[in-house]
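All values below come from the heavy atoms of this structure, side chains included, with hydrogens, waters and symmetry mates left out. Fair warning: this is a prediction, and the values are worked out from it, not measured in the lab.
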Amino acid sequence: MHRSELTIDLGALRRNARRLREVLGETELWAVVKADGYGHGAVDVAGTVVAEGASALCVATMAEALELRREFPDARILVMGPTAAREVAQAREAHIELTVADGEVPPGPRVHLKLETGMGRWGAASLCEVPPNVVGLMTHLATADSDVEFARVQLERFGEATSRYSHLTRHAANSAAALRLPESRLDAARCGVALYGLSPFGADPADDGLEPVLRWESHLAQVKQLAAGESTGYGRRFTAGKATWIGIVPIGYADGFRRDLTGTEVVVAGERRPVVGTISMDALAVELGERLPVGTPVTLIGDGVRAEHHAAVAGTINYELVCKIDARPARARRSVLDA
């Protein structure tokens, strides 16, 4: 029996892509598949979303782009992160588009110029002369999920800076802006988290017509009863006040179930149960309502337990959690469904 099982539902991914295309209307959907498709498998995701009409695939690094190019020789691929000088030749040969945030535009590959409008990271302060191989202008919204008014300020700055270049593709929207800020959609929208059925607002994805794509399951590897005063895990953070059944699940922070998720809930035998004690590298403990057999299924994400709930407990965001799940065969079995 595997420590855990990851199931990727390409049917849900397909429906999320259709939902986003419906929202975007004439705006192109550009799928963000960096970080191995937010932990969902970049190749599987890319093939599905391109078939559903995504016009481009967006990644963070040249290595990610080259991996996709081998699988998708005709796909439009944009590297959004900085690239080294030696990677320019690779981009030229592989027909991969680059993002330039400062410095000179390299000759050869198609380039998108990134403008700084309020994110305070990559981006040029203003546009200079635009060479012929520049095909797009972009910016990055800092608060589309939390402060719509500041996002509008950024869009106004971007619009003023790019008004003379309407012949170029202009793109600014991320998932949150694509869903809730119509004026941000422009020519293309770079959507990541929403494609995977994760809410960019930390809410229920169904609020925006989205379905989670990833399901994560394990099992009870040991079941034992603690007597009153006995504890489980490092630091004795959980001490039984009375006789208490606990189950040990062979999943820990090395698998991507973070150490600060103590207090979250998982589903055991169809019932939500609390995670107790300190989560260790390879195991976590669940308080049970009764004795259950070893091998009883445990759902870590799915069956009503959402990544958004875990993120709220850990004080982080849902896509940090899914990006950190270890899907290597040494740790998990990964299955891909297309339902």
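- Asn16 places a side-chain N or O within 3.5 Å of a backbone atom of Glu211 that can act as its donor or acceptor partner.
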Inset, instruction - Would you check, one step at a time, whether the test side chain to side chain contact (heavy atoms under 4.5 Å, CB included) holds for Arg258 with Tyr253? - result: CA-CA 5 Å; Arg258 290 170 45 139; Tyr253 56 80; 5.5 Å; no
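- The two residues Leu288 and Ile246 have their closest heavy-atom pair at CD1-C, 3.8 Å.
- Rounding to the nearest 0.5 angstrom, the gap separating the CG atom in Leu24 from the CG atom in Leu29 is 6.0 Å.
- Checking side-chain atoms of Arg14 against main-chain N and O of Glu52 turns up no donor-acceptor pair under 3.5 Å.
- A single hydrophobic cluster is not seen to contain both Val267 and Trp245; linkage of ILVMFWY side chains at heavy-atom distances under 4.5 Å, directly or through other members, places them apart.
- By the 4.5 Å heavy-atom criterion applied to side chains, Ile77 and Leu66 are not counted as neighbours.
- No more than 12 heavy atoms of other residues, nucleotides or ligands lie within 6.0 Å of CG in Asp102, so this atom counts as exposed by the packing criterion.
- Within a 6.0 Å sphere centred on CZ of Arg15, heavy atoms belonging to other residues, nucleotides or ligands number more than 12.
- A donor-acceptor pair under 3.5 Å is absent between the side-chain atoms of Thr7 and the main chain of Ser335, judged by distance alone.
- Residue Phe150 places its CZ atom among more than 12 non-hydrogen atoms of other residues, nucleotides or ligands, all under 6.0 Å distant.
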Inset, instruction - Apply the test salt bridge (Lys or Arg N to Asp or Glu O under 4.0 Å) to residues Glu149 and Arg152: give CA-CA distance (whole Å), side-chain angles for both, the deciding distance (0.1 Å), then the verdict. - result: CA-CA 5 Å; Glu149 291 310 311; Arg152 289 193 172 111; 2.7 Å; yes
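- Side-chain N or O atoms of Asn133 include none that pairs as donor or acceptor with a backbone N or O of Arg110 at under 3.5 Å.
- A distance of 10.0 Å separates NE2 in His95 from CG in Asp74, rounded to the nearest 0.5 Å.
- In this pair, Tyr319 and Tyr38 present their aromatic rings tilted. The plane angle is within the 30 to 60° band.
- Contact check for Pro205 versus Arg306: side-chain heavy atoms found under the 4.5 Å cut-off.
- A 4.5 Å side-chain heavy-atom check between His140 and Arg121 finds at least one atom pair inside the cut-off.
- Leu261 and Val305 are members of different hydrophobic clusters when ILVMFWY side chains are connected at heavy-atom separations under 4.5 Å.
- Atom-to-atom distance recorded for Leu284:CG and Ile251:CD1 is 7.5 Å, nearest 0.5 angstrom.
- Using a 4.5 Å heavy-atom threshold, the side chains of Ile8 and Leu214 count as touching.
- The backbone N or O of Leu186 sits less than 3.5 Å from a side-chain atom of Thr27, completing a donor-acceptor pair.
- Counting only heavy atoms from C-beta outward, the side chains of Val88 and Pro109 approach each other to under 4.5 Å.
- For the residue pair Ala151 and Ala144, the shortest heavy atom distance occurs at CB-CA, 4.2 Å.
- Side chains of Ser231 and Arg236: a donor-acceptor N/O pair is present below 3.5 angstrom, by distance only.
- In summary, Asp44 and Arg334 engage in a salt bridge, as defined by a charged side-chain N under 4.0 Å from a carboxylate O.
- Looking at every heavy atom in both residues, Ala31 comes nearest to Ala54 through CB-CB, 4.2 Å.
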Legend entry - Stepwise side chain to side chain contact (heavy atoms under 4.5 Å, CB included) check, Tyr196 with Asn318: CA-CA 11 Å; Tyr196 306 102; Asn318 47 13; over 6 Å; no
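- Hydrophobic cluster membership is shared by Val336 and Val45, with clusters built from Ile, Leu, Val, Met, Phe, Trp and Tyr side chains linked at under 4.5 angstrom.
- Partner of Glu97 under the side chain to side chain contact (heavy atoms under 4.5 Å, CB included) criterion, chosen from Val79, Val111, Val135: Val135.
- In this structure, Arg333 contributes its side chain and Glu5 its backbone to no donor-acceptor pair below 3.5 Å.
- Under the 30°/60° scheme for interplanar angles, the aromatic rings of Trp30 and His112 are found to stand perpendicular.
- Contact between Ala240 and Ala227 at its shortest, heavy atoms only, is CB-O, 3.6 Å.
- In this structure, the side chain of Glu320 does not engage the main chain of Ile317 through any donor-acceptor pair within 3.5 Å.
- Rounded to the nearest 0.5 angstrom, Arg170 CZ and Tyr165 OH are separated by 11.5 Å.
- Residue Lys34 places its NZ atom among 12 or fewer non-hydrogen atoms of other residues, nucleotides or ligands, all under 6.0 Å distant.
- In terms of modelled atom types and a separation under 3.5 Å, the side chain of Gln154 and the main chain of Ala142 share a donor-acceptor contact.
- Proximity of Val249 to Val266: side-chain heavy atoms (C-beta onward) are nowhere separated by under 4.5 Å.
- Contact annotation: the side chain of Glu87 never approaches that of Leu98 to less than 4.5 Å [non-hydrogen atoms, C-beta and beyond].
- With hydrophobic clusters built from ILVMFWY side chains whose heavy atoms lie under 4.5 angstrom apart, Leu115 does not share a cluster with Met119.
- Nearest heavy atom pair, residue Ala173 against residue Ala178, reads CB-N, 4.0 Å.
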Legend entry - Ile301/Ile325 under side chain to side chain contact (heavy atoms under 4.5 Å, CB included): CA gap, chis, key distance, verdict: CA-CA 11 Å; Ile301 296 178; Ile325 297 174; 4.2 Å; yes
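- Listed for the Thr61 side chain is a donor-acceptor partner under 3.5 Å among the backbone atoms of Glu64.
- Taken to the nearest 0.5 Å, the CG atom of Asp145 stands 11.0 Å off from the CG atom of Leu179.
- Here the CE atom belonging to Met281 is positioned 10.0 Å from the CG atom belonging to Asp255, to the nearest 0.5 angstrom.
- Between Leu195 and Val32 the shortest side-chain heavy-atom distance does not fall below 4.5 Å.
- Summarising the geometry of Ile96 relative to Met62, their closest heavy-atom pair is CD1-SD, 4.0 Å, with the distance given to 0.1 Å.
- Clustering ILVMFWY residues whenever any of their side-chain heavy atoms sit less than 4.5 angstrom apart, transitively, puts Met138 in a cluster other than the one holding Leu168.
- Arg19 has a carboxylate O that lies under 4.0 Å from a charged side-chain N of Glu22, or vice versa, which qualifies the two as a salt bridge.
- By the 6.0 Å and 45° rule, Arg180 stacks over the aromatic ring of Phe201.
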Inset, instruction - Start with the C-alpha distance between Asp303 and Arg272, add both sets of side-chain angles, then the distance that settles salt bridge (Lys or Arg N to Asp or Glu O under 4.0 Å), and finish with yes or no. - result: CA-CA 9 Å; Asp303 294 335; Arg272 292 176 76 120; over 6 Å; no
Inset, instruction - Under the side chain to side chain contact (heavy atoms under 4.5 Å, CB included) rule, what do Thr99 and Trp122 come out as? Steps first, then yes or no, please. - result: CA-CA 10 Å; Thr99 298; Trp122 317 114; over 6 Å; no
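- With Glu287 contributing its side chain and Val276 its backbone, the two residues share no donor-acceptor pair below 3.5 Å.
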